[in-house]
Amino acid sequence: MRLLENLNDNQREAVLHTEGPLLILAGAGSGKTRVITHRIAYLIKEKQVPPYGIFAVTFTNKAAGEMRKRIVDLIGPTGEGVFIKTFHSAAVYMLRRYGDRIGVQKSYSIYDQKDQESVIKEILLEMRLDPKHVRPSSLSSKISEIKNRQEMLDGADITALMPRGHAYNFQEIYEQYHSRLEKNNALDFDDLLIKTVELLRHHNDVLETLQGRWHYFMIDEYQDTNYAQYLIGSLLASKSKNLCVVGDDDQSIYSWRGADIRNILNFEKDYSDTRVIVLEENYRSAAPILEAASSVISNNSCRKEKNLKACRGEGERVVWCRASNEYGEAEFVVNSLIRLRRQEGFSSRDFAIFYRTNAQSRVFEDVLRRENVGYRVVGGLRFYDRKEVKDTVAFLKFLANPVDSVALERVINTPPRGIGKATVDKIFDAAYEADISPWEVIEGEIALKGKMPKGLLEFKKIILTLREGLALVPHKKKLSDITGDVLELTGYIRSLEEENSLESRSRLENIDEFINSVYEYEERNPDVGLDQFLQDISLLTSEEDPEARMSEGNNLVTLMTVHNAKGLEFPVVFLTGMEEDIFPHFNSSDTEEGVEEERRLCYVGMTRAMERLFITSAEVRRRYNESVFREPSRFVFEISGAVLDSLEYTSNGYGYSGGPSERRYSSRGASSALNQGDRGTENLVSTLTADEQEERASAEADRKFRLKESVLHPKYGRGIVTRIEGKGDNTKLTICFEMWGNKTFLEKYTPLEKAP
DNA sequence: TTGAGGCTTTCAACA
DNA sequence: AAAGCCTCAA
């Protein structure tokens with residue numbers, strides 16, 4: 001049976017144990033994803049379980065997509081039908097079908113952290129509190145903390161949980177917040193899960209319907225589930241009891257989001273007949289790396305003892321380098337990377353640079369760019385969080401959900417049409433007085449006693465026209481058409497075109513990219529309406545956004561936070577900024593639990609490395625533009641000396657104090673510099689098709705750029721035009737950059753220039 | 001009402 | 001250093 005080949009005994013047992021509760025404690029690099037995908041494939045192929053009868057959740061939509069792909073690789077297109085999602089998108093799925101039972105309308109908006117904060121800020125102003133003293137961000141995290149409490153979900157009295165002794169009344173803010181969200185027909189991320197629990201708990205017919213559909217459940221990264229997720233899993237699986245959870249208590253890193261490690265620790269107590277399988281063979285990391293990581297994590301007191309075995313065998317020792325400042329640190333990283341690429345046959349995509357906080361990426365970006373090394377930053381600002389994209393989405397949100405006042409506030413004066421703060425205040429006050437939505441105030445023109453400002457009338461007309469368009473052909477109107485209408489009618493594109501600055505052109509470029517992503521979405525989901533589209537993109541992470549997908553094929557170094565690194569692996573890892581107050585982070589350092597979670601995070605970072613692991617710190621770092629001396633992280637000193645080499649770095653070169661090994665990788669040498677990823681520009685140009693040659697001849701005269709021409713981009717540097725498609729305003733240029741590979745731009749908006 | 005220019009604050013992680 | 005907030009002239 002092919003499905004059971006290439007599995008070790010424990011993995012095979014996990015695949016074969018299909019009935020009843022199963023707990024898989026999967027150490028780092030122990031082939032967890034392999035087990036999950038094989039298990040699902042086995043259920044379908046050998047146990048004749050229909051694909052739609054399997055419910056699986058993972059951590060990101062991307063991981064879900066990859067898992068589905070691997071299942072399809074194993075058993076063919078049948079595997080497409082498996083329900084694999086994140087908890088949040090599974091919640092959206094259930095709420096879409098049955099939300100009306102608990103008063104959740106189809107058109108609700110999903111509020112992210114920024115939206116939450118702007119709601120809270122409004123409340124504070126209304127309560128005459130200063131948002132500078134009482135920070136909306138800390139209130140929103142406090143609210144979230146309460147909503148993740150067991151008491152809250154079990155319907156107990158939560159007034160005792162409300163913080164007291166502040167100058168403000170927390171409970172009042174808490175209640176106001178929820179009444180506003182309700183008025184706006186909006187749910188935050190926590191609500192998605194909470195409402196789903198409510199649905200499953202109080203509507204037995206719904207629960208039974210779903211239990212009739214799903215008979216087998218798999219939950220990945222179980223150590224990072226919160227109480228609501230725990231309940232959703234338990235409720236759905238309560239009938240069949242075929243619940244398989246996979247996780248590693250040492251990799252629990254989301255307690256700040258409400259994740260409760262007890263979910264995995266108590267699983268055996270919840271289900272008395274649980275079968276427990278421990279996967280301890282690590283197939284990922286060279287022995288010294290695994291030993292280094294194990295020596296760090298062993299300092300945690302609250303954990304299940306385990307004994308990971310390095311199956312990969314010996315390899316290079318871990319290197320710790322303390323540079324004089326953060327630039328020295330980045331130079332060390334980039335120089336090492338270039339050296340490894342040249343001497344040991346690694347390719348750019350083999351490298352990852354990890355850091356604790358997003359802000360640390362900048363210095364690495366500076367140095368990488370200076371040294372002409374292409375990179376991609378994962379996380380940080382999402383594509384959908386860019387101002388221009390958010391504005392466009394806010395228009396769509398407002399069309400779908402007219403009572404969404406957060407979206408309204410965002411777009412009412414976008415682009416500027418003469419509606420200032422005073423007018424907006426009047427509208428919102430009038431809405432509050434009459435207990436109606438701000439839009440109803442505008443529509444009924446009851447804000448200013450007949451004297452509507454010109455811009456407001458204009459706004460009203462735009463929205464009415466757009467809505468008319470929606471209503472006329474409700475079933476045929478395509479998402480891309482709606483988006484096009486919005487950008488057209490609101491004058492958003494026009495105003496950016498008129499601005500015609502470097503910045504506005506880059507914004508137009510992003511809007512164009514957004515339109516492209518709408519087209520793509522529409523092709524993949526032909527029958528999906530505006531509501532669902534908006535809810536879907538609200539749940540996307542940066543790894544899944546269009547920009548990330550664009551750079552996917554290219555051979556680039558990866559930069560990301562350690563949190564984002566969860567579940568991934570790289571041949572060479574640089575774990576940077578290993579200093580007290582950064583890692584462990586200042587805000588976690590004062591409690592033992594806080595430090596232990598940071599230590600687990602460090603463990604996650606270290607165990608991503610397959611062949612080489614570098615750990616770096618700086619002696620001095622600039623913060624708020626002030627130089628501060630830094631202590632090396634305590635975690636560095638916890639690494640077993642037997643596998644660690646210490647290194648000092650000065651700009652002149654390396655000064656070894658620990659005598660690193662001279663061994664080289666003989667196995668990889670051949671694939672080095674001419675690796676397919678290190679594409680030369682010459683090659684690409686010579687592969688032009690006849691069509692393209694012809695295209696070139698016919699349209700060359702009136703074009704700004706020509707094929708093979710050398711161009712300069714403010715971000716990507718020098719490149720060469722390898723493809724020209726489309727005509728007029730739709731002309732698209734594909735440029736092959738020396739360090740970044742191929743990227744496509746709309747000629748009309750791109751900040752490209754002819755190279756001198 | 002707008003937008004430029006000055007002043008203040010910010011750097012924790014994410015669906 | 002850079003983003004965000006506020007003020008004030010037009």
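Residue numbers begin at 1 in each chain, while the letters A, B, ... track the order of the sequences. All values below come from the heavy atoms of this structure, side chains included, with hydrogens, waters and symmetry mates left out.
A:K421 has its NZ atom 17 Å from the C1' atom of B:dG3, to the nearest Å. In this structure, NZ of A:K454 is placed 14 Å from P of B:dT1, rounded to the nearest angstrom. For A:D366 and C:dA2, the CG to C1' distance is 13 Å, given to the nearest whole Å. Regarding A:E499, its CD atom lies at a distance of 15 Å from the P atom of B:dT2, rounded to whole Å. Between A:K114 atom NZ and C:dG4 atom C1' the separation is 12 Å, expressed in whole Å.
Within the 4.0 angstrom heavy-atom criterion, only backbone atoms of the sugar-phosphate kind lie near A:N413; the bases stay farther away. Nucleic acid contact class of A:R417 (heavy atoms, under 4.0 Å, all strands): sugar-phosphate only.
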A correct dot-bracket answer for DNA chain B, with pairs being Watson-Crick or G-U at under 3.5 Å, [ ] for crossing pairs and | for inter-strand pairs, is ||||||||||.....

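Ring planes of A:H88 and A:F189: perpendicular class, angle over 60° (limits at 30 and 60°). Classified by interplanar angle (parallel below 30°, tilted 30° to 60°, perpendicular above 60°), the ring pair A:F514/A:F533 is tilted. In this pair, A:F55 and A:F83 present their aromatic rings parallel. The plane angle is below 30°, not in the 30 to 60° band.
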In the 5'-to-3' direction, what one-character label does each nucleotide of nucleotides 5-15 of chain B receive under the scheme B = base within less than 4.0 Å of a protein heavy atom, S = sugar-phosphate only, - = no such atom? -----BBBBBB

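The shortest side-chain heavy-atom distance between A:Q360 and A:I582 falls under the 4.5 Å cut-off.
Taking the P atoms as reference points, C:dC6 lies 16 Å from B:dC11, given to the whole Å. For the C1' atom pair drawn from B:dA12 and C:dC5, the interatomic distance equals 23 Å after rounding to whole Å.
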Please test A:S501 against A:E499 for side-chain hydrogen bond (donor to acceptor under 3.5 Å, both in side chains), starting from the C-alpha separation and ending with a verdict. CA-CA 6 Å; A:S501 60; A:E499 197 183 318; 3.3 Å; yes

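Dense packing is recorded around CD of A:E520, with more than 12 heavy atoms of other residues, nucleotides or ligands lying under 6.0 Å away.
By the 4.0 Å N-to-carboxylate-O rule, A:E498 lies too far from A:R494 to be salt-bridged with it. Salt-bridge formation is not detected for the pair A:E596/A:R303: no Lys NZ or Arg NE/NH1/NH2 atom is positioned less than 4.0 Å from an Asp or Glu carboxylate oxygen.
Taking CG from A:N148 and CD1 from A:I194, the interatomic distance works out to 6.5 Å, rounded to the nearest 0.5 Å.
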